[in-house]
*Asks:* 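Handing you a structure now.
Here the structure is a predicted model, which means the values were calculated and not measured. Labels below follow one simple rule: chain letters A, B, ... track the order of the sequence lines, proteins then strands, and each chain is numbered from 1.
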Amino acid sequence: MKDLTGLHNALIGWFRANRADLPWRRTRDPYAIWIAEVMLQQTQVATVIPYYERFLTRFPTVEALAAAPLDEVLKLWEGLGYYSRARNLHRAARMIVEQFGGKLPSTVNDLLRLPGVGRYTAGAVASLAFGRDVPLLDGNVIRVLSRLLNIENDVMESATRRALWEQAERLLPPERAALWNEGLMELGQQLCTPATPSCPRCPIAGWCEAYRLGLQGERPVRSRRRKKPHYDVTAGVIRGQDGRLLIARRPPDGMLGGLWEFPGGKRQPDESLVACLKREIREELGIEIAVEGPVTTVQHAYTHFRITLHAFYCRHTGGEPQAIECAGWAWVTLEELDQYAFPVTDRKIIAVLRGGSGQPERGPEP
DNA sequence: AATTCGTGGGA
DNA sequence: TTCCCAAGAAT
């Protein structure tokens, strides 16, 4: 690649003319940019926008975030997924207040010390918020660079990732890393898309090796993922004497850590759904229940497996709840459920409980 | 190094 | 339906 300056000017010029108006591009506050970058990890721009607005309204400063209880952070994160991001954000905010004087660190190495900040996010905050000349590599940049340089190796392999980071560093324009980095990502989002890239409109098509060879549809090369296994899972909508419902908090780490749910768990081979539910409730909370009838079933696909979630109305028949295999429990009314952070699957159960019909609510009739 | 971690949208 | 993918990080 000889003409780097021409390449830089072409992309940056295009970006200046075509940059989308996004909330986190209206601020220079490193804290706000950090929040946006964490929310944008593995999450599309359109999904993030409303979460970002609510989050910054409630926690406008790192001090406000550090002072908040984790439960409130998780509640604002409800539905966004990858909840370790919310837990790490909260921990990192307290670190910033205690160890960095309330100011976000401005170097890649210091940023990397924060939980939830990896190489991408450190590069993004250092370049976009602090104007440092450092590279970044995300899914968009991987796609753009693998086409631009016609990279034939599997981008899922660590050796290829290392090579991509080296290329991202090499291609960086002096003093203009922020515009270049954001331009690469914007290009990947608007034109250099996964399935059918809009090469005729691309400002850097003249430099693109894959395009020259007609191979843009074959890049990047990615190894196939394994097929997802399927599990049947039960959940109990347990009603107590006064009509309140029993909910349990998941352990603080791991899958959906810190969120609340209707207690239950995975069905074992050759186990009935009812037996599964009674066993799980006994193991988690140490109480006995009677299973009365179905509420609804929910299909859901996580990253590495799929489930069918079977929810049942249950009655509490014996024992005081104990936090055995969970992080806590509460008896709550149907209205109070909204104060707690639930996974999407449990939100669908709640919608059925409130709707009264057997189905989640539909949109308005014409 | 290979897995684990959510959810929604699009082909 | 099924699979892929999205401003990745932690272990």
Side-chain angles (χ1 to χ4, degrees), chain A residues 19-20 22-25 33-52 74 77-89 91-92 111-129 135-144 154-162 164-165 168 178 181-190 192-196 217 220 222-230 250-259 261 298-307 309 341-348:
Chain A
R19 76 197 283 266
L22 302 172
W24 45 90
R25 285 180 177 163
I33 292 171
W34 168 51
I35 300 296
E37 292 303 337
V38 173
M39 286 186 170
L40 286 162
Q41 291 167 7
Q42 296 289 285
T43 310
Q44 296 189 349
V45 167
T47 304
V48 165
I49 289 174
Y51 283 89
Y52 173 86
L74 285 172
W77 209 269
E78 181 183 57
L80 196 55
Y82 286 141
Y83 298 94
S84 65
R85 293 184 294 176
R87 303 193 301 268
N88 285 333
L89 213 51
R91 273 205 298 149
L111 286 161
L112 284 172
R113 294 169 55 191
L114 301 173
V117 175
R119 205 166 169 190
Y120 164 77
T121 306
V125 173
S127 65
L128 306 184
L136 56 73
L137 195 67
D138 73 332
N140 288 309
V141 178
I142 288 172
R143 190 168 57 254
V144 172
D154 182 352
V155 299
M156 302 302 282
E157 290 179 1
S158 59
T160 313
R161 294 296 176 103
R162 271 197 299 280
L164 282 162
W165 273 105
N181 286 339
E182 221 166 357
L184 284 175
M185 292 192 285
E186 190 81 12
L187 187 73
Q189 195 189 348
Q190 289 192 30
C192 197
T193 50
T196 53
R222 272 179 211 279
S223 51
R224 299 260 183 265
R225 298 179 189 178
R226 287 199 323 278
K227 208 181 156 201
K228 295 178 185 177
H230 174 273
R250 296 178 61 88
D253 298 303
M255 178 101 173
L256 304 169
L259 272 66
E261 66 178 2
V298 178
Q299 305 288 337
H300 193 71
Y302 295 101
T303 306
H304 289 283
F305 59 93
R306 297 173 297 118
I307 65 165
L309 179 59
F342 286 92
V344 163
T345 48
D346 291 70
R347 277 288 156 206
K348 290 178 179 171

*Asks:* For A:R87 and C:dA10, give me the distance from atom CZ to atom P, rounded to whole Å.
*Replies:* 12 Å
*Asks:* On DNA chain C, does the nearest nucleotide to A:L112 precede the nearest nucleotide to A:W24 from the 5' side, or the other way round? Give the residue.
*Replies:* A:W24
*Asks:* Please work out if A:L89 contacts a base, only the sugar-phosphate, or nothing of the nucleic acid, heavy-atom cut-off 4.0 Å.
*Replies:* nothing
*Asks:* Starting from P on C:dA7, measure out to CD1 on A:I49 and report it in whole angstrom.
*Replies:* 12 Å
*Asks:* Of the nucleotides C:dA9, C:dC3, C:dA6, which has the atom closest to the A:T121 side chain?
*Replies:* C:dA9
*Asks:* Between atom CG in A:D253 and atom P in B:dT3, what is the gap in whole Å?
*Replies:* 22 Å
*Asks:* Describe the nucleic acid contact of A:R25 in one word from base, sugar-phosphate, nothing, applying a heavy-atom distance below 4.0 Å.
*Replies:* base
*Asks:* In whole angstrom, give the distance that lies between atom CZ of A:R162 and atom C1' of B:dA1.
*Replies:* 10 Å
*Asks:* Using the C1' atom as the point on both nucleotides, what is the distance between C:dA10 and B:dG8, in whole Å?
*Replies:* 24 Å
*Asks:* Report yes or no: does A:Y51 contribute a side-chain atom to a donor-acceptor pair with the main-chain N or O of A:E78 at less than 3.5 Å?
*Replies:* yes
*Asks:* Taking the side chain of A:S158 as its heavy atoms from C-beta onward, which of C:dA7, B:dG6, B:dA1 lies nearest to it?
*Replies:* B:dA1
*Asks:* A:Q190 CD to C:dA7 P: how many Å, rounded?
*Replies:* 11 Å
*Asks:* Can you tell me how far P in C:dC4 sits from the matching atom in B:dT3, rounded to whole Å?
*Replies:* 15 Å
*Asks:* Could I get the full list of side chain to side chain contact (heavy atoms under 4.5 Å, CB included) partners for A:M255, not counting sequence neighbours?
*Replies:* A:R250, A:Y302, A:F305
*Asks:* Would you say A:D154's side chain and A:S223's backbone share a donor-acceptor pair under 3.5 angstrom?
*Replies:* yes
*Asks:* Residues in salt bridge (charged side-chain N to carboxylate O under 4.0 Å, His left out) with A:R306, at least two apart?
*Replies:* none
*Asks:* What nucleic acid atoms does A:Q189 come within less than 4.0 Å of, heavy atoms only: base, sugar-phosphate, or nothing?
*Replies:* base
*Asks:* Rounded to whole angstrom units, what separation is found between the CG atom of A:L111 and the P atom of C:dA10?
*Replies:* 12 Å
*Asks:* What nucleic acid atoms does A:W34 come within less than 4.0 Å of, heavy atoms only: base, sugar-phosphate, or nothing?
*Replies:* nothing
*Asks:* Could you check which of C:dA7, C:dA6, B:dT4 has an atom nearest any side-chain atom of A:E182?
*Replies:* C:dA7
*Asks:* So, the side chain of A:R143 versus the backbone of A:C192: is there a donor-acceptor pair under 3.5 Å, distance only?
*Replies:* yes
*Asks:* Can you tell me if A:R85 uses its side chain to pair, donor with acceptor, with the backbone of A:L80 under 3.5 Å?
*Replies:* yes
*Asks:* Quick one: which protein N/O atoms are closer than 3.5 Å to N/O atoms of nucleotides 7-10 of chain B? Pair and distance per line, please.
*Replies:*
from, atom 1, to, atom 2, distance (Å)
B:dT7, OP1, A:Y83, OH, 2.9
B:dT7, OP1, A:V344, N, 3.1
B:dT7, OP2, A:H300, NE2, 3.3

*Asks:* Just by distance, do the side chain of A:T43 and the backbone of A:Q41 share a donor-acceptor pair under 3.5 Å?
*Replies:* yes
*Asks:* Rounded to the nearest Å, what distance is computed from the CZ atom of residue A:R222 to the P atom of nucleotide C:dC5?
*Replies:* 5 Å
*Asks:* Heavy atoms from C-beta onward define the side chain here; which of C:dA7, C:dC3, C:dA6 lies closest to that of A:K227?
*Replies:* C:dC3
*Asks:* Could you tell me how far B:dA11 sits from C:dA7 if I compare only their P atoms? Round to whole Å.
*Replies:* 15 Å
*Asks:* Round to the nearest Å and state the distance from A:F305 atom CZ to B:dC5 atom C1'.
*Replies:* 9 Å
*Asks:* Closer than 3.5 angstrom, by distance alone: can the side chain of A:R161 be matched with the main-chain N or O of A:V155 as a donor-acceptor pair?
*Replies:* yes
*Asks:* Quick check for you: among B:dC5, C:dA7, C:dA6, whose closest atom lies nearest to any side-chain atom of A:E37?
*Replies:* C:dA7
*Asks:* Looking for any heavy atom pair under 4.0 Å, which part of the strands does A:V38 touch: base, sugar-phosphate only, or nothing?
*Replies:* nothing
